[in-house]
Protein chains: 2
Amino acid sequence: MVVRLRDVAAAAGVSDATVSLALAGNPRISAATAQRVIAVANELGYRPNSAARALRTESTRSLGLIVSDVANPFFGELAGAIERQAAREGYSVILCNSDEDADRQDDYLLNMLAGSQVDGVLLVPTSSTTPGLRAVASSGAKVVLLDRPITVSGNGTAANSLRALPSVSSDPGRALAEAAELLTTLGHERIGVVSPPLDTPLGRVRRKQIRDALVAAGVRSRDIFVEEGDFRLNSGYRATTKLLEQRRPTAIIAADGPMGVGALKALRAHGLRVPHDMSLICFDDAPWFDLFDPPLTTIAQPIEELAKSAVATILALLRDETGKQLPAAHPECRFIRRSSCGVPAE
Amino acid sequence: MVVRLRDVAAAAGVSDATVSLALAGNPRISAATAQRVIAVANELGYRPNSAARALRTESTRSLGLIVSDVANPFFGELAGAIERQAAREGYSVILCNSDEDADRQDDYLLNMLAGSQVDGVLLVPTSSTTPGLRAVASSGAKVVLLDRPITVSGNGTAANSLRALPSVSSDPGRALAEAAELLTTLGHERIGVVSPPLDTPLGRVRRKQIRDALVAAGVRSRDIFVEEGDFRLNSGYRATTKLLEQRRPTAIIAADGPMGVGALKALRAHGLRVPHDMSLICFDDAPWFDLFDPPLTTIAQPIEELAKSAVATILALLRDETGKQLPAAHPECRFIRRSSCGVPAE
DNA sequence: CTGAAAGCGCTTACAG
DNA sequence: CTGAAAGCGCTTACAG
């Protein structure tokens, strides 16, 4: 039913090797033969069996992409952009969803890499360092960390191989500075932060980045209130509710889109108007953020750049057997001011 | 670097065959041997090479999913739900994005199926019937149509094999009836429709479904104005602009989320307030639709059910060598009334 | 209950 | 310039 190399060879009256070489464009095959082989292959609709090719060449031309939550539009868009980049380079993308679960992440990592299902993996890591990631890193597998850092302690070879993993994520520095300045300029003094989980490296990094930006803009450290979320909508709702009940900030910064949406829902539920009673800034952007009531001010991640860097980095890693450290790529976030920030109420 | 079956066999002091059978849980292997083999395999971190396994068993335990636009949150969520279902059954999902391009779709179809990269494909077809789809269907490949129908003319075996493709999509019937009734009850008489492209089967089907629902609710056929979009935000904007300038409806129905968002943007740009000056209903839903200004009334597709049906159907197709026709699955859409519909202005 | 051997469909040295 | 042969890492009849 399916056309094999052998069928093409028989139909063209040449050997398997000739077909393989001709289709690969190898100049050793005469132009006449090559042309005939290609014509026959097209006519029969021949497509090489990818398992056989992968087994022989030890390269699958597939990449694994493990994201923490595909339902988050940020990761949906990112997955799309990565697929587009990878397709341009002749690679397929196997999409995996860890759902923020370290065990699911490790299963995917080990099955895909140790099982040679893919040549490399782009990983949005769920928590700091899982056994699977450690194993995979010290086996020298091709892994690029995406969107989130990991923290590594110790000096063993395992720790060093983890540290050697290239990392692609956005830099919110300048955008956060703009956001913080906007808030202080408007007169905000008490700021709530809905952060990622603080037991993850990203959580600690974001907390520090946001805190530093606010302090640099003149907010007193004791007037910054951090409430933990878990990246999802409901946690943004809960964290915001806590901030309202315990801290009474006049502005809130939420560390991703879903938590920002959750925050807005919580503010609504408490009868607070944005920006009149509360200013709100979140991370990530989407084409519909300006249709919200009110349009959301955000720190937008550069999705296309992230996708490009991620694919370029993993491909460099695949080409390079030398293992020389690749430069980390950190494209800048963009601050997009819309109307969810205003002067604090009395 | 990577552990092979052979390494496990050597370490356990048995043959390759024994390892393979033991790991497969074959009862022919004594419990003692099996236990020892499994322990050794775990210790060494053995994972079967998927290319070798696929080559030998002629089954990859991978599914292809070709969507038309991952940036559309509907497909993002759907892809996530499908990945979850598939993972539960031990299948990986290769995500492909056709970007509504028939050639890209055909490339993916042929490479994945003729190249045996996957066991089956879930396809959101871009347009009616492409050469690739025709080829793949008549070769007996395992394909399930998702979310969109195709139309098939003729009686050849090719046409029949296309007609035999199982199809999973939602049924908007009841939800549309509720939507139409709501509009007429509110007093709307002139309705604009932002439809999918009318040269696609889905476009024609949706136009008819919406028209029928509106007529059944009492709208005169000549007061229904259909403007074509292409599934994306900008086309919703353009189509809505046309409707405003040429037809002056008092309510608009947009056939998917991005076009609904585009419609809302166009209404804003024209200084129209929703629902005071114009009522708006769209298809698909998202957790943030109730934060829009105004919260959007929609016809929500049952994403989980679609994912479940799609995966169940393709797995049934893979198991079944008999080729008996599978029942089409059409879970119902849900009408979600929010505040984007109101009494028409004078 | 276990092992030796064949073979899935390719690619690639090696001959000629 | 082309072909015969080996081998990638598995699984599975077939012996014993």
Side-chain angles (χ1 to χ4, degrees), chain A residues 1-38 40-41 44-62 90 110-119, chain B residues 1-38 40-41 44-62 90 110-119:
Chain A
M1 200 154 69
V2 176
V3 181
R4 302 301 178 200
L5 183 69
R6 189 194 319 134
D7 306 320
V8 178
V14 294
S15 72
D16 288 12
T18 300
V19 175
S20 179
L21 293 168
L23 294 180
N26 190 308
R28 276 165 41 188
I29 304 300
S30 74
T33 308
Q35 219 170 344
R36 185 158 43 93
V37 166
I38 291 168
V40 171
L44 297 182
Y46 170 69
R47 304 267 164 164
N49 177 302
S50 48
R53 177 175 273 180
L55 184 58
R56 179 59 226 240
T57 62
E58 303 192 313
S59 150
T60 60
R61 295 195 80 79
S62 292
L110 292 168
N111 282 331
M112 290 201 295
L113 286 169
S116 305
Q117 199 186 357
V118 298
D119 297 345
Chain B
M1 198 155 67
V2 176
V3 181
R4 301 301 178 201
L5 184 69
R6 188 193 320 132
D7 306 321
V8 179
V14 295
S15 71
D16 288 10
T18 300
V19 174
S20 179
L21 293 168
L23 293 180
N26 190 308
R28 277 166 40 189
I29 305 299
S30 72
T33 309
Q35 218 170 344
R36 185 158 45 94
V37 166
I38 290 167
V40 170
L44 297 181
Y46 170 69
R47 304 266 164 165
N49 178 302
S50 48
R53 177 175 274 180
L55 184 58
R56 178 59 226 239
T57 61
E58 303 190 314
S59 149
T60 60
R61 296 195 78 80
S62 291
L110 292 168
N111 282 330
M112 290 201 295
L113 286 168
S116 305
Q117 199 185 356
V118 297
D119 296 345

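Naming: A, B, ... by sequence-line order, numbering from 1 per chain.
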**Item:** Start and end of the DNA chain C segment that chain B contacts, any atom under 4.0 Å from a heavy atom
**Value:** dC1(C) to dG9(C)
**Residues within residues 12-20 of chain A bordering DNA chain C, heavy-atom distance below 4.0 Å** = A17(A), S20(A)
**Message:** Ignoring hydrogens, what is the shortest heavy-atom contact between L5(A) and V19(A)? Give both atom names and the distance.
**Reply:** CD1-CG1, 3.1 Å
**Asked** To the nearest 0.5 Å, what is the distance between CG (D119(A)) and CG (L113(A))?
**Response** 9.5 Å
**Asked** Near DNA chain D, under 4.0 Å by heavy atom, which residues of residues 26-36 of chain A?
**Response** R28(A), I29(A), S30(A), T33(A)
**Item:** Residues that S116(A) engages under side-chain hydrogen bond (donor to acceptor under 3.5 Å, both in side chains), provided they are two or more places apart
**Value:** none
Check: residues 20-30 of chain A side-chain donor-acceptor pairs under 3.5 Å, at least two apart:
from	atom 1	to	atom 2	distance (Å)
N26(A)	OD1	R28(A)	N	2.8
S30(A)	OG	T33(A)	N	3.2
S30(A)	OG	T33(A)	OG1	2.7

**Prompt:** Restricting to pairs with a member in residues 44-58 of chain A, which pass side-chain hydrogen bond (donor to acceptor under 3.5 Å, both in side chains), not counting sequence neighbours?
**Reply:** R47(A)-N111(B)
**Complete:** One should report the stems of DNA chain D, each a stretch of at least three consecutive Watson-Crick or G-U pairs at distances under 3.5 Å, as C:1-3 with D:14-16, C:5-12 with D:5-12, C:14-16 with D:1-3
**Asked** Where each residue is assigned the nucleotide of DNA chain C containing its nearest heavy atom, which of L21(B) and E58(B) is assigned the position nearer the 5′ end?
**Response** L21(B)
Per-pair distances, 0.1 Å, donor-acceptor, side chain in residues 6-14 of chain B, under 3.5 Å, sequence neighbours excluded:
from	atom 1	to	atom 2	distance (Å)
D7(B)	OD2	R4(B)	N	2.7

